[in-house]
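Okay, so here's the structure we're looking at.
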Amino acid sequence: MTESPAVRPYRPEDREALDDICVRTAHNGRDSRPHYADPSVFTAAFAAPYAHLEPELAFVLDDGRGRAVGYVVGAADTARFAERFRTEWLPLVAERHPAPSGPPATPDEEIARLLHHPERMVVPELAAWPAHLHIDLLPEWQGRGHGRCLMRTLLTALAERGVPAVHLVMTAANKPARAFYDRMGFEEIDAPTDDSVVCLGRSTRDLDRL
């Protein structure tokens with residue numbers, strides 16, 4: 001345990017908290033539970049596979065009593081991660097979150113469609129930013145500098161592995177998140193997306209901008 005909030009490496013016993021944080025921040029930064037029948041589909045797509053496949057690039061904000069209240073997870077090589085997602089991760093969750101048989105008809109099916117198409121992560125226009133990340137903090141822990149610490153920790157870990165740059169894909173409607181990423185030195189990338197999302201990227205080495 002720590003005596004005050006601090007960023008530390010993810011541990012397997014953090015899994016329940018990781019899932020909870022993801023679910024409570026997945027709907028444009030807000031709680032997804034009122035909007036989805038089974039919001040754990042978000043965890044299956046955007047949090048748990050990173051802790052499972054690349055735990056060395058998973059970090060949590062510890063509240064000082066051993067409980068994770070925020071996290072950042074990443075993949076050093078997006079193309080390789082997408083391959084492993086399909087072969088190693090998807091078989092573990094596909095039964096609970098089956099792919100829609102046709103066009104998605106519910107919010108849950110929209111996310112399940114993303115879950116079953118990990119190749120969507122591989123976008124040629126993002127090749128110069130080979131890593132990608134997801135970061136989330138519970139609302140009461142936001143705006144206190146903890147997100148900056150999480151981001152710096154992951155960027156440092158990526159730089160130590162020789163990864164030159166990282167990208168993320170966010171919903172355009174999440175204005176507070178966009179303001180945070182702007183402060184973190186992320187810049188918009190011209191990549192083919194629909195109007196609901198935006199791609200951002202930055203170097204892993206220019207940490208003076210944090």
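Grouping the Ile, Leu, Val, Met, Phe, Trp and Tyr side chains by contacts below 4.5 angstrom, directly or via other members, places Phe81 with Leu92. Leu90 and Val122 fall into different hydrophobic clusters, where Ile, Leu, Val, Met, Phe, Trp and Tyr are joined by side-chain heavy atoms under 4.5 Å apart, directly or via other members. Taking hydrophobic clusters as Ile, Leu, Val, Met, Phe, Trp and Tyr residues chained together by side-chain heavy-atom distances below 4.5 Å, Val123 does not share a cluster with Tyr181. Linking ILVMFWY side-chain heavy atoms closer than 4.5 Å, directly or via other members, places Leu18 and Val23 in two distinct hydrophobic clusters. Met184 and Leu207 fall within a single hydrophobic cluster, where Ile, Leu, Val, Met, Phe, Trp and Tyr side chains are chained together by heavy-atom contacts under 4.5 Å.
For CD of Glu95, the number of neighbouring non-hydrogen atoms (other residues, nucleotides, ligands) closer than 6.0 Å is 12 at most. Remark: Glu16 CD is loosely packed, at most 12 non-hydrogen atoms of other residues, nucleotides or ligands lying under 6.0 Å away.
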- Message: Pair Arg33, Arg24 - check side-chain contact (heavy atoms from CB on, under 4.5 Å), show working.
- Response: CA-CA 7 Å; Arg33 289 173 294 184; Arg24 290 170 62 188; 3.7 Å; yes
Q. Which is it for Glu140 and Val69 under the side-chain contact (heavy atoms from CB on, under 4.5 Å) test, yes or no, and what are the steps along the way?
A. CA-CA 9 Å; Glu140 60 269 29; Val69 292; over 6 Å; no
Take Ser196 and Asp194, measure what side-chain hydrogen bond (donor to acceptor under 3.5 Å, both in side chains) needs, and give me the verdict at the end.
CA-CA 6 Å; Ser196 67; Asp194 62 48; 2.4 Å; yes
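Proximity of a side-chain donor or acceptor of His116 to a complementary backbone N or O of His97 within less than 3.5 Å is detected. Proximity of a side-chain donor or acceptor of Gln142 to a complementary backbone N or O of Leu137 within less than 3.5 Å is detected. In this structure, Thr25 contributes its side chain and Leu138 its backbone to no donor-acceptor pair below 3.5 Å. Listed for the Glu88 side chain is no donor-acceptor partner under 3.5 Å among the backbone atoms of Arg84. Judged purely by atom type and a 3.5 angstrom limit, Asn28 has no side-chain atom pairing as donor or acceptor with the backbone of Ala173.
The hydrophobic cluster containing Val41 also includes Tyr36, Phe42, Phe46, Ile111, Leu114, under a criterion of side-chain heavy atoms closer than 4.5 Å among ILVMFWY residues, counted directly or through chains of members.
Note that CG of Leu57 is 10.5 Å distant from NE2 of His132, once rounded to the nearest 0.5 Å. Within the model, atoms OG1 of Thr78 and CZ of Phe85 stand 12.5 Å from one another, a figure rounded to the nearest 0.5 Å. The CG atom of Leu61 sits 12.5 Å away from atom CG of Asp136, with the distance rounded to the nearest 0.5 Å. Here CG of Leu155 is found 6.5 Å from OG1 of Thr204. Values are rounded to the nearest 0.5 Å. The distance from atom CG of Leu150 to atom CZ of Arg148, rounded to the nearest 0.5 Å, is 12.0 Å. Taking CD from Glu13 and CZ from Arg67, the interatomic distance works out to 15.0 Å, rounded to the nearest 0.5 Å.
The two residues Trp89 and Leu115 make their nearest non-hydrogen contact at NE1-CD1, 4.4 Å. Nearest approach of Tyr50 to Ala45, heavy atoms of both residues: CE1-O, 4.2 Å. The two residues Pro118 and Ala82 come nearest to each other via the heavy atoms O-CB, 3.6 Å. Closest approach of Gly66 to Asp62, counting heavy atoms only: N-OD1, 2.9 Å. Contact detail for Val60 and Ala68: the closest heavy-atom pair is CB-CB, 3.8 Å. When every heavy atom of Cys149 is checked against every heavy atom of Val7, the shortest pair comes out as CB-CG2, 3.8 Å.
The existence of a salt bridge linking Arg113 and Glu110 is confirmed by a sub-4.0 Å separation between a basic side-chain nitrogen and an acidic carboxylate oxygen. Under a 4.0 Å N-O distance rule, the pair Arg80/Glu54 does not qualify as a salt bridge.
For Asp38, the side-chain hydrogen bond (donor to acceptor under 3.5 Å, both in side chains) criterion is met by Ser40, Arg96, not counting sequence neighbours. Shown here are the ring-ring contact (aromatic ring centres under 6.0 Å, His included) partners of Tyr10, two or more places apart in sequence or in another chain: there are none. Residues satisfying the side-chain hydrogen bond (donor to acceptor under 3.5 Å, both in side chains) criterion with Asp14, sequence neighbours excluded, are Arg8. Looking at residues two or more places apart in sequence or on another chain, you find a ring-ring contact (aromatic ring centres under 6.0 Å, His included) between His35 and His27.
In this structure the side chain of Arg178 reaches within 4.5 angstrom of the side chain of Glu188, judged on heavy atoms. You'll find the side chain of Pro130 stays beyond 4.5 Å of the side chain of Asp77, heavy atoms only.
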Please report, to 0.1 Å, the donor-acceptor pairs under 3.5 Å made by any side chain of residues 158-169, with sequence neighbours excluded.
| from | atom 1 | to | atom 2 | distance (Å) |
| --- | --- | --- | --- | --- |
| Arg161 | NH1 | Ala157 | O | 3.0 |
| His167 | ND1 | Trp129 | O | 2.8 |
| His167 | ND1 | Ala131 | O | 3.0 |

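Between Phe180 and Phe186, the distance separating the two ring centers is not shorter than 6.0 angstrom.
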